[in-house]
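Down below is the structure, laid out as structure tokens.
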Amino acid sequence: MNNAIVSDNCKIAKIPAPRGDYRQIVLDYMIKMSQIKWTPKQTFTIIKKGPRTNVDLTYEKGKTYYGVSYSGMKATLDQFEQFVDNGVFDNNDVFYFDEIVGNHCSSSISMALQQLISNGGIGGTKPQKWYPGIFKFPNDIKIPFEQYGDDYSSFNIWDFNPKTKIFEAYGMLKSADILYYCKPGAGHVRMVYSDAEVVYNENGTIDGEKSTVAVIEQTNAWDKTVDINTTWFVGRKYTFEKLYEKHFMPITLEIYTNGDEPKDAYIILEEKNNPDTIKNGLNGKITSTFPLNYAYATIKDADGKLVRSSLKNNFTNVYGLNLCDMNNDLDLASLEKGSYTYNYRIAIARGGVDLEHFEFTV
């Protein structure tokens, strides 16, 4: 991600749109997030209890884990990789659901969808009246906009459509489509791992007990069906009946079939820093054409040891940042005399770019 165009007043990083089969691009990203291999620097437990979240996961030092850790931080694979060094995950001893670098069901899928589109929607991957052209149902499932607007739930869809219509939509699901259960204040989302397998009864109707959909999903539980430590369920199959019972809506992206092409992304830094100005703190403003995922500034000493850092993340639909917001964390004025290396990394879901990198002396 280093296709940066530099001018006198600003730096522009172009992150090109991916090329290839759109469904495979999205699915491959989910798979990559599920496969990263790491071990904790120290044992930690992520706990959060509440009406919407029930998490109690202990990651043990010395054990090997697969997949981005489960948390509420909406991290991309690139963000998680910033804290994995030679296979060891070290998140500055911060181990809370709302602080540790990781992601959950809807944010992982949102990051995958944002490989193609700029509005992947965390927790909102359903067809909407006011934002058409993004998500749709595979067939002519009726959406009760007139009664509920965009606030309809899975239960409302079930009330307005026969079971046969939902089964028909399940049968049309292909890889990288979405299964989304939602009700006010709660929900879960899965990505389709491979095309639905449909079995028909003798009368031509779909057999919901024998027809299945395989998915990939980030969860808040260990997968007990495999011999590795992971919260990612990869290739797990659910019957149409089970999906229907749990009110999972079958959803697809319009870009898969409407002929649109993904757009290149641009990240612009105005007012660059240099070895002289940095001593008084960071300045500058970031703007982006795609939602920002994180910004990470680091200061390392002459031996390459990290001495100061500032991570800004957990964003939802943020397209701009001010670098001065990192100055309290970095506290550059208090650095001891010596030589240092400064790096500023900014990222969208597709990946990150080191917009600034230079040495300076105090």
Side-chain angles (χ1 to χ4, degrees), residues 26-27 29-31 33-34 46-57 67-75 97-98 102-114 120-128 134-138 141 143 148 150-159 161 166-167 169-170 173-194 196 208 212-226 230-253 314 316:
V26 171
L27 180 61
Y29 188 80
M30 280 290 284
I31 292 173
M33 285 193 291
S34 75
I46 301 175
I47 296 179
K48 184 168 184 177
K49 305 292 184 179
R52 297 184 60 182
T53 306
N54 184 15
V55 186
D56 188 353
L57 296 169
V68 173
S69 61
Y70 187 88
S71 87
M73 292 306 292
K74 312 182 187 74
F97 176 77
D98 293 320
N103 57 35
H104 50 54
C105 64
S106 64
S107 61
S108 63
I109 287 181
S110 178
M111 297 305 104
L113 300 181
Q114 286 182 33
I122 295 172
T125 48
K126 66 182 182 182
Q128 294 182 311
I134 305 171
F135 304 104
K136 67 177 182 178
F137 293 117
I141 288 176
I143 307 174
Y148 299 101
D150 287 337
D151 293 328
Y152 67 88
S153 71
S154 298
F155 296 86
N156 302 138
I157 292 295
W158 266 225
D159 291 340
N161 296 271
I166 304 299
F167 274 16
Y170 286 154
L173 290 172
K174 298 181 181 300
S175 61
D177 283 334
I178 298 164
L179 286 161
Y180 182 32
Y181 155 72
C182 74
K183 67 177 183 179
H188 183 55
V189 62
R190 299 161 169 161
M191 181 172 290
V192 177
Y193 187 71
S194 57
T212 60
V213 180
V215 306
I216 177 172
E217 56 189 316
Q218 166 71 299
T219 78
N220 63 348
W222 303 115
D223 186 353
K224 300 294 182 60
T225 68
V226 296
T230 184
T231 58
W232 290 75
F233 298 174
V234 181
R236 177 171 294 192
K237 289 187 176 182
Y238 297 93
T239 66
F240 286 14
E241 284 288 354
K242 180 59 69 174
L243 292 171
Y244 185 83
E245 174 191 335
K246 297 298 185 181
H247 294 82
F248 276 92
M249 298 183 292
I251 295 168
T252 188
L253 268 69
N314 202 16
T316 300

query: Do Lys183 and Phe155 meet the cation-pi criteria used here (NZ or CZ under 6.0 Å from the six-membered ring centre, within 45° of the axis)?
result: no
message: How close do Leu27 and Val192 get, counting heavy atoms only, and between which atoms?
response: CD1-O, 4.0 Å
query: What do the steps show when you test Ser108 against Met30 for side chain to side chain contact (heavy atoms under 4.5 Å, CB included), and what is the final call?
result: CA-CA 7 Å; Ser108 63; Met30 280 290 284; 4.1 Å; yes
field: Atom pair OG/CD of Ser71 and Gln218 - distance to nearest 0.5 Å
entry: 8.5 Å
task: Check whether any side-chain heavy atom of Lys246 lies under 4.5 Å from a side-chain heavy atom of Tyr238, and answer yes or no.
output: no
- prompt: Is a side-chain donor or acceptor of Ser110 paired with a backbone partner of Ser107 at a separation under 3.5 angstrom?
  reply: no
task: Report the C-alpha separation of Tyr180 and Ile109 in whole Å, then their side-chain angles, then the decisive distance to 0.1 Å, and conclude whether the side chain to side chain contact (heavy atoms under 4.5 Å, CB included) test is met.
output: CA-CA 11 Å; Tyr180 182 32; Ile109 287 181; over 6 Å; no
statement: Across all chains, not counting sequence neighbours, the side-chain contact (heavy atoms from CB on, under 4.5 Å) partners of Asp56 are Thr45, Ile47, Lys49
field: Interatomic distance, Ile166 atom CD1 to Leu243 atom CG [nearest 0.5 angstrom]
entry: 11.0 Å
query: Roughly how far apart are Asn220 CG and His188 NE2, rounded to 0.5 Å?
result: 8.0 Å
- prompt: Taking it one step at a time, do Leu173 and Leu179 satisfy side chain to side chain contact (heavy atoms under 4.5 Å, CB included)?
  reply: CA-CA 9 Å; Leu173 290 172; Leu179 286 161; 3.7 Å; yes
query: If we only count heavy atoms from C-beta on, is the Pro127 to Ile143 side-chain gap below 4.5 Å?
result: yes
- line: Rounded to the nearest 0.5 angstrom, the NZ-NE2 distance for Lys74 and His104 is 5.5 Å
query: For the residue pair Gly235 and Tyr193, what are the closest heavy atoms and their distance?
result: CA-CD2, 3.7 Å
message: Checking Phe135 against Met249 for the side chain to side chain contact (heavy atoms under 4.5 Å, CB included) test, could you report, in this order, the C-alpha distance in whole Å, the side-chain angles of both residues, the deciding distance, and whether it holds?
response: CA-CA 12 Å; Phe135 304 104; Met249 298 183 292; over 6 Å; no
task: Could you tell me whether the side chain of Val234 reaches within less than 4.5 Å of the side chain of Val226, counting heavy atoms only?
output: no
field: Geometric class of the His247/Tyr244 ring pair [parallel <30°, tilted 30-60°, perpendicular >60°]
entry: parallel
- request: For the residue pair Ile251 and Lys126, establish whether any side-chain heavy-atom pair is separated by less than 4.5 Å.
  value: yes
message: A side-chain contact here means heavy atoms from C-beta on lying under 4.5 Å apart; do Val68 and Trp232 qualify?
response: yes
- prompt: Looking only at heavy atoms, what is the nearest atom pair of Tyr170 and Val213, with distance?
  reply: O-CG2, 4.3 Å
- prompt: Just by modelled atom types, is the Thr231 backbone N or O under 3.5 Å from a matching donor or acceptor in the Thr219 side chain?
  reply: yes
query: Got a second to check how far Ile178's CD1 is from Thr252's OG1, nearest 0.5 Å?
result: 7.5 Å
- request: List in chain and number order the residues that pass salt bridge (Lys or Arg N to Asp or Glu O under 4.0 Å) with Lys242, two or more places apart in sequence or in another chain; answer none if no residue qualifies.
  value: Glu245
query: With side chains defined as the heavy atoms from C-beta onward, is the minimum distance between Tyr181 and Val189 less than 4.5 Å?
result: no
